[in-house]
Amino acid sequence: MSFLIIAALLASPASTSPDPVVRYEFTVAAPRDSVWAAWTTERGLRSFFGPGSRIELRTFGEFQIQFDPNAKPGSRGAEGNVVLAFEPLRMLTTTWDAPPKFPMARAQRTFLQITLAAESPRATRVTIQQSGFGAGEEWQQVYRYFLGAWTWVGAALQYRFDVGPIDWSHPPDLLPRMKSIGGDIAVEWARTQG
(Lines give C-alpha, C1' and ligand atoms only; values in the text may rest on other atoms or scores of the structure.)
Protein backbone atom coordinates (compact mmCIF):
# COMPACT_ATOMS: atom_id res chain seq x y z
CA MET A 1 0.00 0.00 0.00
CA SER A 2 1.30 3.40 -0.90
CA PHE A 3 1.71 6.07 1.78
CA LEU A 4 1.12 9.59 0.42
CA ILE A 5 2.38 12.68 2.13
CA ILE A 6 0.32 15.79 1.56
CA ALA A 7 1.43 18.77 3.59
CA ALA A 8 -1.94 19.43 5.22
CA LEU A 9 -2.51 15.77 6.09
CA LEU A 10 0.96 14.79 7.24
CA ALA A 11 0.73 12.60 10.31
CA SER A 12 4.28 11.39 10.93
CA PRO A 13 7.59 12.28 9.32
CA ALA A 14 9.15 8.93 10.26
CA SER A 15 7.19 6.59 8.04
CA THR A 16 7.54 2.86 8.48
CA SER A 17 5.43 2.22 5.39
CA PRO A 18 7.05 -0.18 2.93
CA ASP A 19 6.56 2.35 0.12
CA PRO A 20 6.78 5.93 1.45
CA VAL A 21 6.10 8.80 -0.91
CA VAL A 22 6.79 12.50 -0.37
CA ARG A 23 4.10 14.59 -2.07
CA TYR A 24 3.38 18.30 -1.96
CA GLU A 25 0.89 20.39 -3.94
CA PHE A 26 0.94 24.17 -4.10
CA THR A 27 0.06 27.02 -6.43
CA VAL A 28 2.48 29.21 -8.36
CA ALA A 29 1.33 32.62 -9.63
CA ALA A 30 2.40 32.10 -13.23
CA PRO A 31 1.04 30.58 -16.45
CA ARG A 32 1.70 26.87 -16.93
CA ASP A 33 4.07 27.42 -19.88
CA SER A 34 6.25 29.70 -17.73
CA VAL A 35 6.38 27.16 -14.89
CA TRP A 36 7.17 24.42 -17.41
CA ALA A 37 10.09 26.48 -18.72
CA ALA A 38 11.36 26.93 -15.15
CA TRP A 39 11.53 23.15 -14.69
CA THR A 40 12.78 22.17 -18.14
CA THR A 41 15.43 24.72 -19.16
CA GLU A 42 18.83 25.36 -17.64
CA ARG A 43 18.08 29.05 -17.26
CA GLY A 44 14.77 28.24 -15.61
CA LEU A 45 16.30 25.75 -13.16
CA ARG A 46 19.00 28.25 -12.19
CA SER A 47 16.31 30.85 -11.45
CA PHE A 48 14.93 28.89 -8.49
CA PHE A 49 16.51 25.45 -7.90
CA GLY A 50 20.27 25.90 -7.81
CA PRO A 51 23.03 28.09 -9.25
CA GLY A 52 24.13 25.36 -11.67
CA SER A 53 22.00 23.10 -13.84
CA ARG A 54 22.03 20.81 -16.82
CA ILE A 55 18.99 19.37 -18.56
CA GLU A 56 18.55 17.53 -21.83
CA LEU A 57 14.80 17.31 -22.31
CA ARG A 58 14.69 13.86 -23.86
CA THR A 59 14.30 10.34 -22.52
CA PHE A 60 17.50 9.44 -20.64
CA GLY A 61 18.77 12.99 -21.09
CA GLU A 62 20.89 14.51 -18.36
CA PHE A 63 19.22 16.20 -15.35
CA GLN A 64 21.51 17.83 -12.80
CA ILE A 65 21.08 20.55 -10.22
CA GLN A 66 24.29 21.92 -8.73
CA PHE A 67 23.87 23.59 -5.36
CA ASP A 68 27.64 24.17 -5.19
CA PRO A 69 29.01 24.21 -8.77
CA ASN A 70 32.57 24.78 -7.48
CA ALA A 71 32.61 21.68 -5.26
CA LYS A 72 34.36 18.51 -6.36
CA PRO A 73 32.33 16.07 -8.49
CA GLY A 74 30.02 14.01 -6.31
CA SER A 75 29.53 16.90 -3.89
CA ARG A 76 27.92 19.50 -6.15
CA GLY A 77 24.31 18.52 -5.59
CA ALA A 78 21.94 16.32 -7.60
CA GLU A 79 24.36 14.69 -10.02
CA GLY A 80 24.08 11.92 -12.57
CA ASN A 81 20.29 11.99 -12.77
CA VAL A 82 18.37 11.44 -15.99
CA VAL A 83 15.03 12.37 -17.49
CA LEU A 84 12.80 9.30 -17.55
CA ALA A 85 9.69 10.71 -19.19
CA PHE A 86 7.98 13.99 -19.96
CA GLU A 87 4.76 15.28 -21.43
CA PRO A 88 5.16 18.93 -22.50
CA LEU A 89 3.48 21.44 -20.18
CA ARG A 90 2.16 18.66 -17.91
CA MET A 91 4.72 16.21 -16.49
CA LEU A 92 8.45 15.71 -15.97
CA THR A 93 9.81 12.52 -14.38
CA THR A 94 13.49 12.06 -13.50
CA THR A 95 15.73 10.01 -11.28
CA TRP A 96 16.85 11.76 -8.10
CA ASP A 97 19.75 11.08 -5.75
CA ALA A 98 20.21 11.60 -2.03
CA PRO A 99 22.64 14.18 -0.61
CA PRO A 100 26.31 13.07 -0.28
CA LYS A 101 25.92 12.61 3.49
CA PHE A 102 23.84 9.49 2.68
CA PRO A 103 26.37 7.49 0.60
CA MET A 104 24.47 4.19 0.39
CA ALA A 105 21.23 5.85 -0.71
CA ARG A 106 23.09 8.30 -2.97
CA ALA A 107 24.57 5.39 -4.93
CA GLN A 108 21.00 4.39 -5.76
CA ARG A 109 18.20 6.56 -7.12
CA THR A 110 14.63 7.52 -6.34
CA PHE A 111 11.99 8.83 -8.74
CA LEU A 112 10.96 12.48 -8.94
CA GLN A 113 7.79 13.54 -10.72
CA ILE A 114 6.71 17.12 -11.31
CA THR A 115 3.12 17.59 -12.51
CA LEU A 116 1.62 20.89 -13.65
CA ALA A 117 -2.06 21.80 -14.02
CA ALA A 118 -3.42 25.18 -15.06
CA GLU A 119 -5.68 26.64 -12.37
CA SER A 120 -6.24 29.82 -14.38
CA PRO A 121 -4.40 31.67 -17.14
CA ARG A 122 -2.10 33.12 -14.46
CA ALA A 123 -1.86 30.31 -11.88
CA THR A 124 -0.44 26.79 -11.99
CA ARG A 125 -0.95 23.93 -9.57
CA VAL A 126 2.37 22.16 -9.04
CA THR A 127 2.70 18.68 -7.58
CA ILE A 128 6.12 17.43 -6.49
CA GLN A 129 6.23 13.71 -5.76
CA GLN A 130 9.24 11.59 -4.85
CA SER A 131 9.05 7.81 -4.51
CA GLY A 132 11.26 4.74 -4.65
CA PHE A 133 12.79 5.03 -1.18
CA GLY A 134 14.53 1.91 0.10
CA ALA A 135 14.34 0.30 3.53
CA GLY A 136 16.59 0.73 6.55
CA GLU A 137 17.79 3.54 8.80
CA GLU A 138 19.69 5.52 6.16
CA TRP A 139 16.69 5.47 3.83
CA GLN A 140 14.45 6.67 6.66
CA GLN A 141 16.84 9.60 7.19
CA VAL A 142 16.78 10.35 3.44
CA TYR A 143 12.98 10.25 3.46
CA ARG A 144 12.83 12.69 6.41
CA TYR A 145 15.36 14.96 4.68
CA PHE A 146 13.24 15.20 1.53
CA LEU A 147 10.05 15.85 3.52
CA GLY A 148 11.59 19.23 4.26
CA ALA A 149 13.77 19.77 1.20
CA TRP A 150 10.87 19.77 -1.26
CA THR A 151 9.13 22.50 0.74
CA TRP A 152 12.22 24.63 0.09
CA VAL A 153 12.08 23.89 -3.65
CA GLY A 154 8.36 24.71 -3.78
CA ALA A 155 8.90 27.94 -1.87
CA ALA A 156 11.81 28.88 -4.15
CA LEU A 157 9.65 28.30 -7.22
CA GLN A 158 6.90 30.53 -5.81
CA TYR A 159 9.46 33.20 -4.93
CA ARG A 160 10.90 33.09 -8.44
CA PHE A 161 7.53 34.05 -9.92
CA ASP A 162 6.37 36.40 -7.15
CA VAL A 163 9.63 38.35 -6.71
CA GLY A 164 12.13 37.25 -9.37
CA PRO A 165 14.98 34.82 -9.90
CA ILE A 166 16.93 33.90 -6.79
CA ASP A 167 20.21 35.76 -6.26
CA TRP A 168 22.38 32.83 -5.18
CA SER A 169 24.93 35.15 -3.56
CA HIS A 170 22.16 36.37 -1.20
CA PRO A 171 19.38 33.74 -1.06
CA PRO A 172 16.07 34.95 0.38
CA ASP A 173 14.42 33.77 3.58
CA LEU A 174 11.94 31.23 2.26
CA LEU A 175 10.75 29.90 5.63
CA PRO A 176 7.28 31.56 5.59
CA ARG A 177 6.57 30.11 2.13
CA MET A 178 8.03 26.74 3.14
CA LYS A 179 5.79 26.63 6.18
CA SER A 180 2.71 27.31 4.04
CA ILE A 181 3.63 24.28 1.94
CA GLY A 182 4.89 21.86 4.58
CA GLY A 183 3.97 23.19 8.02
CA ASP A 184 6.15 22.24 10.98
CA ILE A 185 8.15 19.76 8.90
CA ALA A 186 9.49 22.67 6.85
CA VAL A 187 10.41 24.58 10.02
CA GLU A 188 12.26 21.59 11.47
CA TRP A 189 14.11 20.96 8.20
CA ALA A 190 15.19 24.62 7.96
CA ARG A 191 16.44 24.49 11.56
CA THR A 192 18.56 21.39 10.91
CA GLN A 193 20.07 22.85 7.72
CA GLY A 194 21.29 25.82 9.76
Side-chain angles (χ1 to χ4, degrees), residues 1-30 32 35-36 38-40 44-45 48-50 55 63 65 67 77-78 81-99 102 105-106 108-120 123-136 138-161 174-193:
M1 178 190 315
S2 190
F3 180 52
L4 295 180
I5 300 299
I6 299 177
L9 302 176
L10 185 61
S12 170
S15 171
T16 57
S17 168
D19 188 21
V21 174
V22 176
R23 184 173 193 265
Y24 289 106
E25 293 182 12
F26 53 92
T27 299
V28 173
R32 184 167 62 168
V35 179
W36 177 253
W39 279 104
T40 60
L45 288 165
F48 79 97
F49 209 152
I55 184 170
F63 186 74
I65 308 297
F67 304 110
N81 293 296
V82 297
V83 172
L84 296 174
F86 66 95
E87 182 179 338
L89 301 177
R90 195 189 78 75
M91 180 272 297
L92 172 68
T93 302
T94 71
T95 60
W96 194 255
D97 56 344
F102 304 112
R106 185 170 175 83
Q108 300 179 44
R109 302 285 176 204
T110 59
F111 304 104
L112 172 64
Q113 185 171 66
I114 308 303
T115 307
L116 308 180
E119 286 190 342
S120 75
T124 303
R125 189 75 174 164
V126 178
T127 302
I128 297 176
Q129 182 168 299
Q130 184 182 15
S131 61
F133 295 93
E138 184 171 295
W139 276 111
Q140 288 180 5
Q141 291 175 31
V142 169
Y143 172 75
R144 287 190 295 267
Y145 172 84
F146 283 116
L147 280 175
W150 291 119
T151 68
W152 185 92
V153 174
L157 182 64
Q158 288 177 332
Y159 179 94
R160 184 261 175 268
F161 286 104
L174 297 175
L175 189 55
R177 291 172 189 270
M178 291 169 62
K179 191 171 181 181
S180 74
I181 293 170
D184 291 340
I185 286 173
V187 174
E188 178 61 22
W189 184 85
R191 186 188 63 77
T192 62
Q193 299 310 300

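Here the structure is a predicted model, which is why all the values come from computation and not from measurement.
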Residue among Thr115, Val35, Thr27 satisfying side-chain contact (heavy atoms from CB on, under 4.5 Å) with Val126: Val35

Sequence-distant partners of Gln108, side-chain hydrogen bond (donor to acceptor under 3.5 Å, both in side chains), two or more places apart: none

Where Asp97 and Ala78 come nearest, the two heavy atoms and their spacing: OD1-CA, 3.2 Å

Separation between OG1 of Thr94 and CZ of Phe63, rounded to the nearest 0.5 Å: 5.0 Å

Check against side chain to side chain contact (heavy atoms under 4.5 Å, CB included), Val22 and Tyr143: CA-CA 8 Å; Val22 176; Tyr143 172 75; 3.6 Å; yes

Any Tyr159 side-chain heavy atom under 4.5 Å of Leu174 side chain: yes

Residue pair Thr124 / Leu116: nearest heavy atoms and the distance that separates them: CG2-CB, 4.0 Å

CE on Met91 to CG on Leu84, rounded to 0.5 Å: 9.5 Å

Smallest separation among heavy atoms of Val83 and Ile55, with atom names: CG2-CG1, 4.4 Å

Glu138 (side chain) donor-acceptor with Ala105 (main chain) under 3.5 angstrom: yes

Pair Phe102-Trp139, side chain to side chain contact (heavy atoms under 4.5 Å, CB included): steps then yes or no: CA-CA 8 Å; Phe102 304 112; Trp139 276 111; over 6 Å; no

Shortest non-hydrogen separation from Ala190 to Met178 and the atoms involved: CB-CE, 4.2 Å

Backbone of Val82 reached by a side-chain donor or acceptor of Thr95 within 3.5 Å: yes

Please list every donor-acceptor pair under 3.5 Å in which a side-chain atom of residues 145-157 meets a protein atom from a residue at least two apart or in another chain.
| residue | atom | partner | partner atom | Å |
| --- | --- | --- | --- | --- |
| Trp150 | NE1 | Gln130 | OE1 | 2.7 |
| Thr151 | OG1 | Gly148 | O | 2.6 |

Thr110 side chain vs Phe133 backbone, donor-acceptor pair below 3.5 Å: no

Enclosure of Phe111 CZ (heavy-atom neighbours >12, cutoff 6.0 Å): no

Non-neighbouring partners of Gln141 that pass side-chain hydrogen bond (donor to acceptor under 3.5 Å, both in side chains), sequence neighbours left out: Glu137

Inter-residue atom distance Glu188.CD - Gln193.CD, 0.5 Å rounding: 10.0 Å

Nearest-0.5 Å distance that lies between atom CZ in Phe86 and atom CD1 in Ile114: 15.0 Å

Residue pair Ile181 / Gln158: nearest heavy atoms and the distance that separates them: CD1-OE1, 3.9 Å

Parallel, tilted or perpendicular, as decided by the 30° and 60° cut-offs, for the rings of Phe48 and Trp39: perpendicular

Smallest separation among heavy atoms of Gly182 and Tyr24, with atom names: CA-CE2, 3.9 Å

Flag side-chain contact, heavy atom, 4.5 Å: Glu87 against Leu92: no

